[in-house]
Chemist: 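The structure is given below, and queries will be raised subsequently.
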Amino acid sequence: MILRSLLFNTESVFMVKTKKVKMVGLHLRRWTLLAVCAGVNICVLAQDRIIPMETIGNALVLKVDQKKDVSIIYYGKKLNDRGEYGLIPQAYKLTGDGDYTQVLNAAYSGSGSRNLMEPAISVTHADGNNSLDLRYVSDDQQQFGPDVTQYRVLLKDPVYDFEVALYYKVYIKQDVIEQWSVIKHNEKGNVVLHKYASANLYLKADEFWLNQYHGDWAKEMQPEESKITHGIKTLDTKLGTRANLFQPSVFMVSLGKPAGEDEGTVLYCALEYSGNFRTDLELDFQDNLRIISGINNYASPYTLKPGEEFVTPGFLYILSHKGKGYASRQLHDWARNYKLLDGKGNRLTLLNNWEATYFDFNESRLKELLKDTKKLGVDLFLLDDGWFANKYPRNGDTSGLGDWQENKSKLPNGIATLVKEAGNNGVKFGIWVEPEMVNPKSELYEKHPDWVVKQPARAEHYFRNQLVLDLANPQVQDFVFSVIDNLVTKNPALAYIKWDCNAVIFNAHSAYLKNQSHFFIEYMRGLYAVLKKLRDKYPTVPMMLCSGGGGRVDYAALQYFTEYWPSDNTDPLERVFIQWEYSYFYPAIAGANHVTDWGKQPIKYRTDVAMMGKLGFDIVVSHLNEKDLTYCQNAIKEYNSFKQIVWQGDQYRLANPREGAVASMSYVSKDQSSAVVFNYLVNNRYGQGSSHPVKLKGLDPVAVYRVTEVALYPGVNSVIDADKKYSGQFLMDVGFNPQVNSGRTSVVLKVQRVK
Ligand code: DGJ
């Protein structure tokens, strides 16, 4: 009885608004029935329904009102009394004439109806109508173990048989939320999706400060912070592959004022997607911030068939009230526990031959390098670009890409011999591939011109002399899969793969697809299908995600990769800055850092910087003088002794290289018994150095620690007195001076609890 009258009331609401009353009524009955069947609480029809989604520290709260509009009423600190969330809206006063639309804070904004702002979704229905108004149908939740709750809120258009399910996967302990949407309809024909965001957030604060990143080759992760002004700021990419080259999808928004390392409220965001993304940050006329993020709809209206589900990628966010440091440590924990492939596992140190040989090597040279690998003391030798192709040998970057057969003149006995030889030397063997790409000068291109992304009637345009293969085509997917599959099948002992991606997509066109508007989306679906198939067959082979530097890292890709290559820029001074910025979003275990000949810094500085993640080398070992070699060998041993702290510990950024002459970063073991602190001179002007102590963080204040300098260059005695003991409180409140100066430009300290 109650249900009937509530239903009637709601129908009445709609009767005023729409002419299609009957149809709407039917829909409502069906929804109600569904809700009852699913055991869903439908008292929403009588009163507002509040849906708090809580983490350990925060709550994202949705409200369903009498009209079934679903809005975001709060994203902030968790309240002790859940009953009080419903009181939040009354604490705010609308400015001017208020919200004309009534949907400013919609949980997922439609378009063509009441919404006047940037929509999350915009469609053309089967009958040509462009309006969409999404109303609540039901909500439910699913538990994945004690720490992860997934909420689902189903929305439906009262006029059209069109629905969107909003998913919020809440990682309680890490304060992380992943949000995505699933779009579906049962109209009488196809619906065109013009925009299809993953998520739509709504934030309230006096001011909003955006910290975004831009870049280019060798200049990844350049930060820019600015106050968000009214209107829309869009962060996006249209590059298809190597999508992050100019801009990654990660960003931060500080609420109130720019957040510091340990103070201020800051929201970290990232789209889990490796292709074109778009994030709109719109400061609306009520001075609130709408954040809408998803796949970039650029050149990509999507035709959705009746019954087909369009699943958007996850939009990841985490809110911290204790500054950037807390947010990044929580995010690192989340990544290691839930996302990054083998996030709690081991990683291999390596010697890469790229900068040592480029394309110029042969079997005997590689055998020497295998010996050097052993001599250096790393786990694996990584053979880079140039080992393949015969008709058009890969002796430079203009030919051979796509022809994945060993080059007979360089490697007459194939890869198998090298893998075996590596084993004889007591090291492992890994290999470079770039399977999504093709040089026009290749047999693959000659045989399958239809597999190549290019406009049929236009001149080809190249990025690094190469083109992209059409992963929208299932045959190409099989080919790309077979590149890796053949290598691993033929060489089961192959222990590592570096997957490169050096070109963006020009002239986007698929000879396979009927609907070119689906190209960018189908490319990514194809890529993920290949990666999934590979991981189903080879779950553990470590794989590096490289994109001519850091052109591609994101959390969708990192489900399949154990590590990423942050930048081709391995100048250690530059790296201090680049790695610093990546460290906000990705844990150290995921960052592959190689010691190379880039930059003017001594070998110690170069190696120390590379140790702040997953250590590798890309140098000619035989060119190292005796002391440098000894330094590297000792440093690798040292690294092996503390790498678990770097990989699995809590990371603290202690001294920002952008703010002073010294950069300092530390990693503290979870039990607070040990820490490793890396300190660098980043300003070479006269007299610069650590004039003040660096305040450590994350230690136990009542414990007593000893501080020793490690990774010392041969013959150098440390100026640090290893016999002194300090309380954790002293090290954190007064600090410790690493004594960085022009004679000690790189200092690594180990902090160990003595009682
Ligand atoms: C670009 C990568 O970033 C380099 O490390 C190297 O693998 C080259 N490609 C090889 O072509």
Side-chain angles (χ1 to χ4, degrees), residues 215-221 239 241-246 248 274 348 350-361 366 369 380-389 392-404 407 410 429-442 462-469 483-484 487 496-504 542-553 557 561-572 574-575 578-579 582 590-599 606 610 613-620:
D216 196 350
W217 178 75
K219 284 199 296 194
E220 288 84 351
M221 294 298 278
L239 279 60
T241 48
R242 206 176 171 174
N244 295 351
L245 182 62
F246 305 139
S274 313
L348 300 167
L350 59 82
L351 176 67
N352 189 186
N353 72 311
W354 175 240
E355 296 193 13
T357 65
Y358 292 106
F359 298 95
D360 185 18
F361 57 82
L366 294 181
L369 294 178
L380 173 133
F381 174 74
L382 169 61
L383 174 59
D384 214 282
D385 197 353
W387 57 267
F388 50 91
Y392 303 106
R394 181 74 172 166
N395 292 331
D397 64 12
T398 54
S399 62
L401 214 46
D403 302 345
W404 298 103
N407 178 280
K410 284 184 192 170
F429 190 88
I431 200 157
W432 176 98
V433 287
E434 195 180 6
E436 296 161 80
M437 305 283 157
V438 63
N439 280 128
K441 222 169 146 193
S442 68
Y462 306 122
F463 200 104
R464 207 201 187 199
N465 310 302
Q466 65 197 54
L467 293 165
V468 179
L469 291 174
V483 173
I484 316 286
L487 278 167
Y496 187 86
I497 289 160
K498 175 176 176 183
W499 179 305
D500 209 344
C501 163
N502 284 287
V504 303
M543 205 151 77
M544 183 214 276
L545 171 64
C546 176
S547 186
R552 201 180 226 182
V553 57
F561 291 86
T562 46
E563 55 218 68
Y564 71 96
W565 180 235
S567 177
D568 276 352
N569 189 339
T570 46
D571 175 327
E574 294 295 323
R575 271 289 180 135
I578 292 175
Q579 292 174 198
Y582 274 118
N593 307 323
H594 293 180
V595 178
T596 72
D597 285 335
W598 282 52
R606 287 184 268 148
K614 206 221 77 170
L615 173 66
F617 290 79
D618 199 344
I619 47 170
V620 185

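Only a predicted model underlies this, so the values are computations on that prediction, with no experimental measurement involved. All ligand and atom numbering here is 1-based and tracks the order in the structure.
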Chemist: On the 0 to 90° scale, with breaks at 30° and 60°, tag the W565-H594 ring pair as parallel, tilted or perpendicular.
Modeler: tilted
Chemist: Which atoms form the tightest heavy-atom contact between K498 and C546, and what is the distance?
Modeler: CE-SG, 3.9 Å
Chemist: For E434, which part has a heavy atom under 4.0 Å from ligand 1: side chain, backbone, both, or neither?
Modeler: neither
Chemist: Could you list the atoms of ligand 1 found under 4.0 angstrom from a heavy atom of G549?
Modeler: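 What qualifies from ligand 1 is 3 (O).
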Chemist: Is there a heavy atom of K498 sitting under 4.0 angstrom from any atom of ligand 1?
Modeler: yes
Chemist: Checking side-chain hydrogen bond (donor to acceptor under 3.5 Å, both in side chains) against W432, which of N353, D500, N352 comes through?
Modeler: D500
Chemist: Heavy-atom distances under 4.0 Å are what count here, so tell me which part of N502 touches ligand 1: side chain, backbone, both or neither.
Modeler: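 For N502, the contact with ligand 1 is made by the side chain alone.
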Chemist: Short N/O distance, under 3.5 Å, between R464 and ligand 1?
Modeler: yes
Chemist: Indicate the atoms forming the closest heavy-atom contact of Y582 with V553, along with that distance.
Modeler: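 Y582 and V553 have their closest heavy atoms at CE2-CG1, 3.7 Å.
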Chemist: Just to confirm my output: which protein heavy-atom neighbour is closest to atom 1 (C) of ligand 1, and how far is it?
Modeler: D500 OD2, 3.1 Å
Chemist: Considering non-hydrogen atoms only, spot the tightest contact between D568 and E355 and give its length.
Modeler: O-OE2, 4.4 Å
Chemist: Give the single entry among D568, V433, D385 that approaches atom 3 (O) of ligand 1 most closely by any heavy atom.
Modeler: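 It is D568 whose heavy atom sits nearest to atom 3 (O) of ligand 1.
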Chemist: I'd like to check whether C546 has a polar contact with ligand 1, where a contact means an N/O of the residue lying under 3.5 Å from an N/O of the ligand.
Modeler: no
Chemist: Can you find a heavy atom in the side chain of D403 that is under 4.5 Å from one in the side chain of S442?
Modeler: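 In short, these two side chains touch, coming nearer than 4.5 Å.
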Chemist: Taking the side chain as every heavy atom from C-beta outward, state whether F361 and L383 have any pair of such atoms under 4.5 Å apart.
Modeler: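 With C-beta onward as the side chain, the pair touches.
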Chemist: Can you list the atoms of ligand 1 that are under 4.0 Å from a heavy atom of W565?
Modeler: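 It comes down to these atoms of ligand 1: 3 (O), 5 (O).
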Chemist: Can you see whether N465 engages K441 through a side-chain donor-acceptor pair at a distance of less than 3.5 angstrom?
Modeler: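 No, K441 and N465 have no side-chain donor paired with an acceptor closer than 3.5 Å.
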Chemist: Give the residue and atom name of whichever protein heavy atom lies nearest to atom 7 (O) of ligand 1, and the separation in Å to one decimal.
Modeler: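 Ranking protein heavy atoms by distance from atom 7 (O) of ligand 1, first comes D384 OD1, 2.7 Å.
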Chemist: Need the ligand 1 atom indices (1-based, order shown) with element for anything under 4.0 Å from a heavy-atom of G548.
Modeler: 1 (C), 3 (O)
